[in-house]
Colleague: 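Right, I'll just put the structure down here and ask away after.
It should be emphasised that the depicted structure is a prediction, and the values quoted were computed from it without experimental measurement. Order of listing sets the numbers, starting from 1, for every ligand and every atom in it.
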Amino acid sequence: MKILITGGSGYIGSHTIIEIIENTDWEVISIDNYSNSSEDTYNRIKKITGKDIKSYNIDLRNLADTECVFNENPKIKGIIHFAAFKAVGESVENPLMYYDNNINSLNNILKCQAKFNVPNLIFSSSCSVYGNVEELPVTEESKLLKSESPYAYTKQIGEVMVNDFIKVNEGLKAISLRYFNPVGAHVSGLNGELSTTKPNNLIPFITQTAIGKLECLTVFGNDYSTKDGTCVRDYIHVSDIANAHVLALKCLLNGEIKDSHDIINLGTGVGVTVLEAINAFEKVSGAKLNYKIGNRREGDVASIYADNKKAKDILNWNSKIGLDDMMLSAWKWEQNLSENNF
Ligand code: WQD
């Protein structure tokens, strides 16, 4: 059975391909334009799994190119749509880049899902759709507040696009998975986050500071009303996220999802502050981190973490990897990159 992964050479996409290879007999086809990754990812996947990945270097904003992939690979049974820009801070500085890429790519994927009658879609959404929530933990029924960044807004719009599309395409189904903060790297240390641009996210900033690639980590504000004044997030290991995608697609394929478009949180349910994340890293790595307290970052919400009961009930999914192991896997990957002169 053929599954199409968009953004397959990216961080979460590549870990999901590994999870699919190791847990199913599905045939994976990947589309990526390497705007935030490299083709070398597929070599890393091969090193871990022994498998070659059929891949296409195309931009999903080009409908004709995207349709070619579906024409060349008939009877695709599921699409996992990861391909999107995802850095909150960057989206504030460059909103149109985010609207153009994230919305137009999704629009073409939905057009192809209808045209080629692909029964199942998993949409990569984000906890950032909740905005600056007051009530925590957030459930899937929590009210979506004003998005705090263009990135978050593209995910709010994306969920509505999927919902409206599925409503008028009888027989097609979708799950939107709202990731909290994906972190860490494959347990082998052979795959992890490898942005082509300067990192925007906390954990790569921590590991690159610790390894000496970056001079000093800035903690963006310690005057929030949280236990230590720094922002709270629900950090979740990328392999736990990948496992949830396999389970979600299996549920769709087996007809176990009753709603035509369901929305599910993917978080551990544990809120961790920036300083707690730094302390956990220092504990497991033995490295002393050079950091300073700076100003708040535009677009940041103070605190958010998941109620993940629905994922447990519907997908029979649980996060398995704790904060210490998340940090250790990220550190192992950073050391591997450094040893291989990345
Ligand atoms: C985390 C915390 C920063 C860098 C991410 C993804 C987004 C979505 C939601 C999946 C914040 C602080 C960061 C630094 C810092 N995930 N920080 N110094 O903004 O929560 O968004 O999760 O879709 O795709 O971007 O993650 O790692 O950027 O920030 O103090 O140098 O770390 O202020 O409180 P964020 P992040």
Colleague: Among all protein non-hydrogen atoms, which one is nearest to atom 16 (N) of ligand 1, and what is the separation to 0.1 Å?
Modeller: Phe180 O, 3.2 Å

Colleague: To the nearest 0.1 Å, how far is atom 32 (O) of ligand 1 from its closest protein heavy atom, and which atom is that?
Modeller: Leu202 CB, 3.6 Å

Colleague: Do Asn73 and Lys54 get their side chains close enough for a donor-acceptor pair, meaning under 3.5 Å?
Modeller: yes

Colleague: Who's the nearest protein heavy-atom neighbour of atom 24 (O) of ligand 1, and how far?
Modeller: Lys86 O, 2.8 Å

Colleague: Among all protein heavy atoms, pick the one closest to atom 15 (C) of ligand 1 and tell me residue, atom and distance.
Modeller: Phe220 CD1, 3.3 Å

Colleague: Among side-chain atoms of Asn191 and Lys47, is any donor-acceptor pair under 3.5 angstrom?
Modeller: no

Colleague: Do Asp234 and Thr268 have side-chain atoms, one donor and one acceptor, less than 3.5 Å apart?
Modeller: yes

Colleague: Compute whether any side-chain donor of one residue and acceptor of the other, for Ser125 and Glu159, lie under 3.5 angstrom apart.
Modeller: yes

Colleague: Check the side chains of Thr6 and His81 for a donor-acceptor pair under 3.5 angstrom, ignoring hydrogens and angles.
Modeller: yes

Colleague: Any N or O of Thr218 that comes nearer than 3.5 Å to an N or O of ligand 1?
Modeller: yes

Colleague: For Tyr179 and Ser124, does a side-chain donor sit closer than 3.5 Å to a side-chain acceptor?
Modeller: yes

Colleague: So, are Asp164 and Lys167 salt-bridged, with charged N and O less than 4.0 Å apart?
Modeller: yes

Colleague: Could you check whether any heavy atom of Phe82 sits closer than 4.0 Å to an atom of ligand 1, since that is the contact criterion I want to use?
Modeller: no

Colleague: Would you find more than 12 non-hydrogen atoms of other residues, nucleotides or ligands less than 6.0 Å from Glu141 atom CD?
Modeller: yes

Colleague: How far is atom 33 (O) of ligand 1 from the closest protein heavy atom, and which atom is that?
Modeller: Asp300 OD2, 2.6 Å

Colleague: Between Cys231 and ligand 1, does any nitrogen or oxygen pair lie at a separation below 3.5 Å?
Modeller: no

Colleague: Which residue from Ile203, Asn201, Thr230 reaches closest to atom 6 (C) of ligand 1 through any of its heavy atoms?
Modeller: Asn201

Colleague: Consider every N or O of Phe205 and every N or O of ligand 1, then say whether any pair is closer than 3.5 Å.
Modeller: no

Colleague: What residue and heavy atom of the protein are closest to atom 5 (C) of ligand 1, and at what distance?
Modeller: Asn181 ND2, 3.6 Å

Colleague: Is it true that Phe82 and His15 have ring centroids separated by less than 6.0 Å?
Modeller: no

Colleague: Can you tell me which residue and heavy atom of the protein come closest to atom 1 (C) of ligand 1, and the distance to 0.1 Å?
Modeller: Tyr235 OH, 3.7 Å

Colleague: Would you say ligand 1 has an N or O under 3.5 Å from any N or O of Arg233?
Modeller: yes

Colleague: For Asn104, run the side chain to side chain donor-acceptor pair (under 3.5 Å) check against Asn107, Asn101, Asp100 and tell me which one passes.
Modeller: Asp100

Colleague: So which protein heavy atom does atom 29 (O) of ligand 1 come closest to, and at what separation?
Modeller: Arg297 NH2, 3.3 Å

Colleague: Which ligand 1 atoms are under 4.0 Å away from a heavy-atom of Val219?
Modeller: 30 (O)

